[in-house]
Amino acid sequence: MLAVLAALPLAVVLALAWGTDPVALAAREPLRERAADYEGAASCASCHPDHHASWARTFHATMTQLPERDSVLGRFDGRAVSFYGRSAVPFERDGAFWMRVPDGAGERETQVALCVGSNRYQQYFERAGTGEGGELRRLPILWHVGEERWMHLNGVFLEPDNSNWAAHAASWNDNCVFCHNTGVQPRMELERRAFTTRVADLGIACEACHGPGEEHVRRMASPLERYAGTGASLAIVNPNQLEQAESLALCGQCHSQRLPAPLERLAEFLGRGPSLRPGQELRGHVTPVTRDTPSVSSSRPELFRERFWSDGTARLTAYEYLGITQSPCVKGGELTCGSCHSMHSGDVHGQLEPEMRGDRACTQCHEEIARDVRAHTHHAPESAGSRCLECHMPRMVYGILDIHRSHRIEVPDVRRDVEAGRPNACTSCHGSQTAAWAARAMREWWGERYEEPRSRPDGAALDVPEALASLHAGDAVQRAGYARARGRPDAAETARERAFAFAHLVVALGDGYPSIRTLARRSLERLDAALELGLASELAAFDTFGDVETRRAASLRLLELFRQRAASRCGPPGPSQLLDASFAADLARIVRLLDLQSDHVISIGE
């Protein structure tokens with residue numbers, strides 16, 4: 001045996017003796033390079049196994065991965081998936097993952113080189129440039145984890161039906177790489193638009209929050225430093241010890257659309273990467289995008305404005321930093337993202353402890369309200385109307401084919417919301433009521449400053465229930481928000497009122513935006529189960545990506561089936577519900593609302 005070992009190279013003998021070095025292995029993987037003082041997450045595991053394990057279970061850890069058997073979520077089974085009259089075929093070949101996709105008038109085969117996403121959906125990238133680290137370009141279909149199906153990017157982002165398969169062929173190297181990886185160096189050559197991109201870690205790893213760890217690792221090699229060192233001598237950032245601005249910046253470096261500060265530093269960012277390091281404020285490194293930020297695209301002057309409600313509140317995900325910094329709660333100097341979220345505990349879907357999904361998120365500071373909830377809310381303590389987050393952080397933000405909570409913590413105001421053309425917390429729950437009804441209740445409970453709205457931006461009549469007006473006449477983000485809200489299980493509505501919502505959601509299946517149709521179908525499925533209408537199979541068969549005529553026929557059939565089944569179970573609807581006595585939709589009045597939809601087309605990617 002000794003003779004055999006003596007004949008082997010020294011590196012092999014050491015590996016046999018002490019095992020594989022995970023740090024060295026990770027550093028040699030594609031796209032990785034340990035530069036600019038970064039060590040990589042594998043270096044943290046030996047001293048911090050618990051923290052490394054609690055991070056490794058999160059979706060941050062698996063945000064960006066190489067395409068391997070345990071990382072690819074989509075079904076590469078050789079079955080064609082069709083959208084907009086053309087097809088793609090995901091398949092495996094020799095242990096690798098491939099797609100056959102449309103290309104001009106024909107098609108081409110390409111190998112998947114990278115996966116981005118692991119929670120709600122997973123996107124796939126092909127190598128468009130030459131050599132490792134060259135340009136990686138997004139492929140046109142993604143795998144939706146929750147719905148367990150392939151979807152076209154054009155139907156996931158908030159935009160009208162678009163048959164252009166290449167509409168979202170974005171580059172990973174100068175786009176996705178910044179927020180979905182750690183220690184980013186795009187290394188873009190502007191003249192040739194060529195890349196040799198490298199990252200310290202794929203995904204959002206330890207050093208994204210704790211800072212580059214090379215000096216920390218070097219110091220901790222000394223037992224004296226390891227056990228006696230404190231504070232700055234540890235040469236690592238402890239997020240729990242940061243001041244408010246620096247703490248907010250940890251999350252804000254990704255959860256905030258931003259531009260280099262000043263913009264003239266863009267070439268630097270595309271070359272060496274962002275200058276911000278954990279422990280610093282965003283100021284001086286980047287400027288968060290707001291509604292008033294001038295567009296960087298001459299062909300799209302509304303590029304940034306359409307991502308916000310007219311009062312400056314974000315209506316797209318990845319603006320959470322802006323929301324929290326707009327909130328009055330932040331002015332006390334204590335509220336940070338870590339007040340509610342935790343990277344090393346809680347549910348990985350949001351990094352929240354169970355109590356932080358409820359009132360504790362607010363009552364940890366507002367203890368006096370918790371002592372008498374009814375006196376504060378004027379709702380039953382167990383109802384949705386007494387949940388802090390439903391009123392002060394309502395769901396009104398579009399992203400990843402769902403509607404999320406606003407991170408701008410604020411007090412509901414019916415007139416403000418309706419006249420700004422944004423969803424209102426009260427009418428998102430009381431879906432069968434008008435905005436005036438909600439305003440009168442607020443004025444009775446909380447004073448004269450709560451006024452009734454004078455008008456809606458789309459011109460819809462105020463005597464129509466606010467949810468119906470927004471679902472049919474609102475702009476695309478309004479329609480998306482109310483399409484989801486009409487199916488919420490905790491809505492303050494009777495079974496009869498939910499039946500009215502069902503009919504209008506069927507109409508929303510004809511919306512010109514496929515993402516809105518998907519949200520409407522999900523709400524219909526929830527209402528069907530709650531009302532026991534027996535339409536589950538028809539709803540499951542409805543393809544939100546199908547052609548117009550097929551969808552129209554299916555919608556009309558659903559309306560008729562609903563009419564037959566609802567009429568025998570519910571009392572007659574009132575005229576404000578836009579249904580006649582037999583539960584048939586008053587299509588003439590509904591069409592008049594549909595005609596008020598803004599001519600301005602919103603097209604928002606992510």
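- Using a 4.0 Å cut-off between charged side-chain N and carboxylate O, R405 and E390 make a salt bridge.
- For R283, the CZ atom is loosely surrounded, since the number of other residues' heavy atoms within 6.0 Å does not exceed 12.
- E302 CD: more than 12 foreign heavy atoms inside a 6.0 Å radius.
- Atom CG of D511 and atom NE2 of H472 lie 10.0 Å apart (nearest 0.5 Å).
- Taking the six-membered ring for Trp and thresholds of 30 and 60 degrees, H379 and H430 have ring planes inclined between 30 and 60 degrees apart.
- Between the side chain of T363 and the main chain of H366, no donor-acceptor pair closer than 3.5 Å is present.
- Side-chain contact between S515 and Y398: present, with at least one pair of heavy atoms (C-beta onward) separated by less than 4.5 Å.
- Checking side-chain atoms of D359 against main-chain N and O of C388 turns up a donor-acceptor pair under 3.5 Å.
- Looking at T518 and R521, their side chains never bring a donor and an acceptor atom within 3.5 Å of each other.
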Residues F304, R291; criterion side-chain contact (heavy atoms from CB on, under 4.5 Å); working and verdict: CA-CA 6 Å; F304 295 135; R291 191 173 189 269; over 6 Å; no

Stepwise side-chain contact (heavy atoms from CB on, under 4.5 Å) test for E246 and T336: CA-CA 9 Å; E246 290 83 356; T336 68; over 6 Å; no

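- Side-chain rings of Y319 and H255 stay apart, their centers remaining 6.0 Å or farther from each other.
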Steps toward side-chain contact (heavy atoms from CB on, under 4.5 Å) verdict (D475, D458): CA-CA 8 Å; D475 86 345; D458 50 42; over 6 Å; no

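- Under a cut-off of 6.0 angstrom, the local environment of NE2 in H51 is sparse, with at most 12 non-hydrogen atoms contributed by other residues, nucleotides or ligands.
- Under the 3.5 Å distance criterion, the side-chain polar atoms of T182 are matched with a main-chain donor or acceptor of A205.
- In this structure, a donor-acceptor pair under 3.5 Å is absent between the side chains of D292 and T290.
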Evaluation steps, side-chain hydrogen bond (donor to acceptor under 3.5 Å, both in side chains), between R456 and S470: CA-CA 9 Å; R456 289 175 51 99; S470 295; 3.1 Å; yes

Y121/W143 under side-chain contact (heavy atoms from CB on, under 4.5 Å): CA gap, chis, key distance, verdict: CA-CA 5 Å; Y121 53 61; W143 180 258; 6.0 Å; no

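- In this model, no donor atom of one side chain and acceptor atom of the other lie less than 3.5 Å apart for S327 and R408.
- Enclosure of atom CD in E532 is not indicated, since only 12 or fewer non-hydrogen atoms of other residues, nucleotides or ligands lie within 6.0 angstrom.
- At a cut-off of 3.5 Å, with distance as the only test, a side-chain donor of S432 or E493 sits close to an acceptor on the other residue.
- Between H404 and T317, the closest heavy-atom pair is CD2-CG2, 3.4 Å.
- Q364 CD: more than 12 foreign heavy atoms inside a 6.0 Å radius.
- Between M442 and Y450 the shortest heavy-atom distance is CE-CE2, 3.5 Å.
- The structure places CG of L561 at 10.5 Å from CG of D528, a figure rounded to the nearest 0.5 Å.
- The shortest distance between side-chain heavy atoms of D586 and D580 does not fall below 4.5 Å.
- Considering all non-hydrogen atoms of both residues, V414 and A435 come closest at CG1-O, 3.4 Å.
- In this structure, the side chain of Q253 does not engage the main chain of L276 through any donor-acceptor pair within 3.5 Å.
- Looking at R357 and D347, a side-chain N of the basic residue comes within less than 4.0 Å of a carboxylate O on the acidic one, giving a salt bridge.
- Looking at T64, its side chain does come within 3.5 Å of a backbone N or O of H180 through a donor-acceptor pair.
- Side-chain atoms of H285 and Q280 include a donor-acceptor pair closer than 3.5 Å.
- The two residues V289 and L259 have their closest heavy-atom pair at CG2-CG, 4.1 Å.
- Remark: side-chain polar atoms of R422 are not paired, donor with acceptor, to backbone N or O of E419 under 3.5 angstrom.
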CA sep, side-chain torsions, deciding dist, call: F59, H349, ring pair (Phe, Tyr, Trp, His ring centres under 6.0 Å): CA-CA 8 Å; F59 296 115; H349 297 275; 5.0 Å; yes

Step-by-step side-chain hydrogen bond (donor to acceptor under 3.5 Å, both in side chains) determination, S256 to E320: CA-CA 6 Å; S256 173; E320 291 79 15; over 6 Å; no

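- Checking side-chain atoms of R454 against main-chain N and O of E452 turns up a donor-acceptor pair under 3.5 Å.
- Counting all heavy atoms, side chain and backbone alike, R360 lies closest to E355 at CB-O, 3.3 Å.
- Between F308 and L316 the shortest side-chain heavy-atom distance does not fall below 4.5 Å.
- Between R522 and E147 there is a salt bridge, since a side-chain N of the basic residue sits under 4.0 Å from a carboxylate O of the acidic one.
- Proximity of a side-chain donor or acceptor of H341 to a complementary backbone N or O of G350 within less than 3.5 Å is detected.
- Nearest heavy-atom pair across Q577 and P465 is NE2-CG, 4.1 Å.
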